[in-house]
Number of protein chains: 2
Amino acid sequence: MTGQVRTVDGRVAGRRGQATRQKLLDCLSEMLSTEPYRDVKVIDVARKAGTSPATFYQYFPDVEGAVLELAEEMATEGASLTDLVAGRSWAGKSGWQTAEELVDGFLGFWRKHDAILRVVDLGAAEGDKRFYKIRMKILNAVTNSLTDAVKELQSKGKVDKDVSPAAMAGSLVAMLAAVAAHQKGFQSWGVKQAELKPSLALLVHLGITGKKPTK
Amino acid sequence: MTGQVRTVDGRVAGRRGQATRQKLLDCLSEMLSTEPYRDVKVIDVARKAGTSPATFYQYFPDVEGAVLELAEEMATEGASLTDLVAGRSWAGKSGWQTAEELVDGFLGFWRKHDAILRVVDLGAAEGDKRFYKIRMKILNAVTNSLTDAVKELQSKGKVDKDVSPAAMAGSLVAMLAAVAAHQKGFQSWGVKQAELKPSLALLVHLGITGKKPTK
DNA sequence: TACTTGTCCTGTCATGCCGTCAGCTTACCG
DNA sequence: CGGTAAGCTGACGGCATGACAGGACAAGTA
């Protein structure tokens, strides 16, 4: 699927080249989690990786290009988020469990990749289609599954027909993403994770099934 | 409350100075809505305002400093968001109306200030306390009111005791903020505003009262 | 009108990052 | 051993940054 890794000027990267490239990505990733995106400079990344700026430009057009690469990587891993919803039951006790595990898995994924996700979020909000696409790729994994769940419940007459499945699923996923992005903020405000998760799970359950969960 | 406007080197700004300062802020605001935050340069803002970079540095320490100024301005205006919740009823039809108007007001405010809010969001997510404080100031207006609403309904026995009012309110507000921030994204994905708002209002109503609304 | 005072703006400069290129070193292969 | 392509870097013009000193300007005073 993905062709060979290539340098900006078209050469195919060999073993050594790929290693250098990866090292640059690793350093960039680390820098993103320790200082503002706006202040990340090519020269700093290069220095940290023990190489020169010119080398950086051999593998990436600019910082944004490298960030996109990191984001793609993460998005691929994010495909596994589908498993949090697909094929699960929303009835009775297992419905509550489904909601809880979805919240748990989502927050965990976000915490793991928070630095790069921040930048993706910004890019998407600024209207950059490339970032938006990546964001969709991650969120769609969950959104589509949730949309299907609502549709199915609707067809069984268990959920009001006037709810738009896509809009409901989208809203819930946006909520999860937002809370996940500001986890630290919530904490410093006095709201503990232990309280946050049940609220989120409750909202997810209410939104999908329209009913209070049986725990 | 706010003392006199001062330049970086301590002089008090007169009428002309304040006008220049404001013009710089206006131009910065406009630039933020037309290009990525990362690419906004002092020299561009100055050029746009018909002045020189040196003038910019007389009023602001850097771009971030100026953005903070814009954000403070907006936060002050955002205090009026409290009115969307304070003193409203959550019972019966008026409860549904409260939810609808909250969603409407919130999305409107966000759309009006989307450019600056993006940057505030990023700053907050990156852990910058100054931005986080501003974000709180805006969201708290709504969050606190919602928290009170939940507490009151709990005391009347209408809502389960095991729900944390703060966590629930915080989650809902985070959802509204997130959806608001990605309004354009939703649209381009095929979800229309007309479908989005009812879903959000429904979730708000469900979250606060625990019950389906009567429309 | 000429002078004074304080505000306001800009020309200029040292510094540092950006992005590119030519050219050197290294690795692989016949 | 020589050829070829990959891999890396020093160096350079260009531009943004941030500081300063000094000029332009408005308003009050004699």
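Keep in mind that the numbers below use all heavy atoms, side chains included, and drop hydrogens, waters and symmetry copies. In what follows, every chain begins at residue 1, and chains take the letters A, B, ... in the order their sequences are listed.
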TODO: Report yes if at least one side-chain N or O of A:Arg15 is closer than 4.0 Å to OP1 or OP2 of C:dC28; otherwise report no.
DONE: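 For A:Arg15, the contact criterion (side-chain N or O under 4.0 Å from OP1 or OP2 of C:dC28) is met.
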
TODO: Ignoring backbone atoms, establish whether A:Thr20 has a side-chain N or O less than 4.0 Å from OP1 or OP2 of D:dC8.
DONE: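 Checking D:dC8 against A:Thr20, a side-chain N or O does come within under 4.0 Å of OP1 or OP2.
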
Between [atom2] on [N] and [atom1] on [X], what's the gap in Å once rounded to a whole number?
X       : N      : atom1 : atom2 : result
B:Met31 : D:dA16 : CE    : C1'   : 13 Å
A:Asp9  : C:dA22 : CG    : P     : 12 Å
A:Gln18 : C:dA27 : CD    : C1'   : 15 Å
A:Leu24 : D:dT9  : CG    : P     : 10 Å
B:Asp39 : D:dA16 : CG    : C1'   : 13 Å

TODO: State which residues pass ring-ring contact (aromatic ring centres under 6.0 Å, His included) with B:Phe109; sequence neighbours excluded, sorted by chain then number.
DONE: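 Per chain and number, B:Phe109 pairs via ring-ring contact (aromatic ring centres under 6.0 Å, His included) with B:His113.
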
TODO: Verify the neighbour count for atom CD of B:Gln193: are there more than 12 heavy atoms of other residues, nucleotides or ligands below 6.0 Å?
DONE: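 Yes, CD of B:Gln193 has more than 12 neighbouring heavy atoms, counting only those of other groups under 6.0 Å.
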
Open item on the list: Suppose the criterion is side-chain hydrogen bond (donor to acceptor under 3.5 Å, both in side chains): which pairs have a residue in residues 127-143 of chain B, not counting sequence neighbours?
Closed with: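 Matches after skipping sequence neighbours: A:His182-B:Arg135, B:Glu64-B:Arg130, B:Asp121-B:Arg135, B:Asp128-B:Arg130.
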
TODO: Take the C1' atoms of the five end pairs on each side of the helix from C:dT1-D:dA30 to C:dG30-D:dC1, get both axes, and report the angle to 10 degrees.
DONE: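 One end axis against the other gives 10°.
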
Open item on the list: Test of understanding: with side chain to side chain donor-acceptor pair (under 3.5 Å), list the residues that count as partners of B:Ser29, not counting sequence neighbours.
Closed with: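 For B:Ser29 there are no side chain to side chain donor-acceptor pair (under 3.5 Å) partners, ignoring immediate neighbours.
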
TODO: With sequence neighbours left out, write down each residue that passes side chain to side chain donor-acceptor pair (under 3.5 Å) with B:Gln97, or none if nothing qualifies.
DONE: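 Here the qualifying residues are B:Glu101.
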
Open item on the list: Contact list please: residues 41-61 of chain A against DNA chain D, heavy atoms, distance less than 4.0 Å, in numerical order.
Closed with: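 Only A:Thr51, A:Ser52, A:Ala54, A:Thr55, A:Gln58, A:Tyr59 qualify.
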
Open item on the list: Check this for me, if you would: do B:Asp44 and B:Arg47 make a salt bridge, where the nitrogen-to-carboxylate-oxygen distance has to be below 4.0 angstrom?
Closed with: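 Salt bridge flag = yes for B:Arg47 with B:Asp44.
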
Open item on the list: I'd like to check B:Ile116 versus B:Glu73 (side-chain heavy atoms, cut-off strictly below 4.5 Å). Are they in contact?
Closed with: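 In short, these two side chains do not touch, never coming nearer than 4.5 Å.
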
- [ ] Could you check if a side-chain atom of B:Trp90 sits within less than 4.5 angstrom of a side-chain atom of B:Leu146, using non-hydrogen atoms only?
- [x]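 In short, these two side chains touch, coming nearer than 4.5 Å.
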
